[in-house]
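Both counts, for ligands and for their atoms, begin at 1 and track the order of listing.
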Amino acid sequence: MLAELDKLVVERGCTRSEMLRDLARAEVVRAKVRSGVDAVAALTIVYDHHVRDLSEKLTELQHQLGDRVRSAMHVHLSHDYCLEVIVIRGKADRLQAVADKILAMRGVKHGGIEIVSDLELTGHHPGPHAHEHPRPAPRRRAAARKP
Ligand code: NI
């Protein structure tokens, strides 16, 4: 076991203690996900939109999740493929379950989920912007062009 580990250490060009720290961190994250802490996740999928009912299923699932879906981006990659990034908030184990369900659908070619659960996400959220972001100075909009 240790020999196998040291082989990985050499491949990655790190030290054994760095490798062990990374493995421990990954296991802590997995344990947190299982325990269902509050989290936010970015689910990325690439899928073939010609596969029967897949687009409808994905849309239906997002409607079921309601306002837990915080944002979604759709990119028509090619004639066949679409890429979608879906940002979801909820309990980490639930987010993982949703991701597993989507990633197992026929026609989903690639995908993965990044679950962030080590931030304070449970606090009071007074409005759409709990904190301000600097914004560019307002510009005068060009007059709308009419056809
Ligand atoms: Ni598309």
Review point. If you count the non-hydrogen atoms of other residues, nucleotides and ligands that lie under 6.0 Å from CD in E18, is the total more than 12?
Key: yes

Will you find, in the side chains of D80 and H49, an N or O donor that is under 3.5 Å from an N or O acceptor?
no

Looking at H76, the N, O or S atom sitting nearest the Ni ion (ligand 1) is ND1

Stepwise side chain to side chain contact (heavy atoms under 4.5 Å, CB included) test for K57 and I102: CA-CA 9 Å; K57 273 191 211 161; I102 290 176; over 6 Å; no

Checking the side chain of R12 only, and the main-chain atoms of V9 only, is there a donor and an acceptor separated by less than 3.5 Å?
no

Original post:
Does H49 put an N, O or S atom under 2.8 Å from the Ni ion (ligand 1)?
Top reply: no

For SG in C82 and NE2 in H74, the angle at the Ni ion (ligand 1) (nearest 10°) is 100°

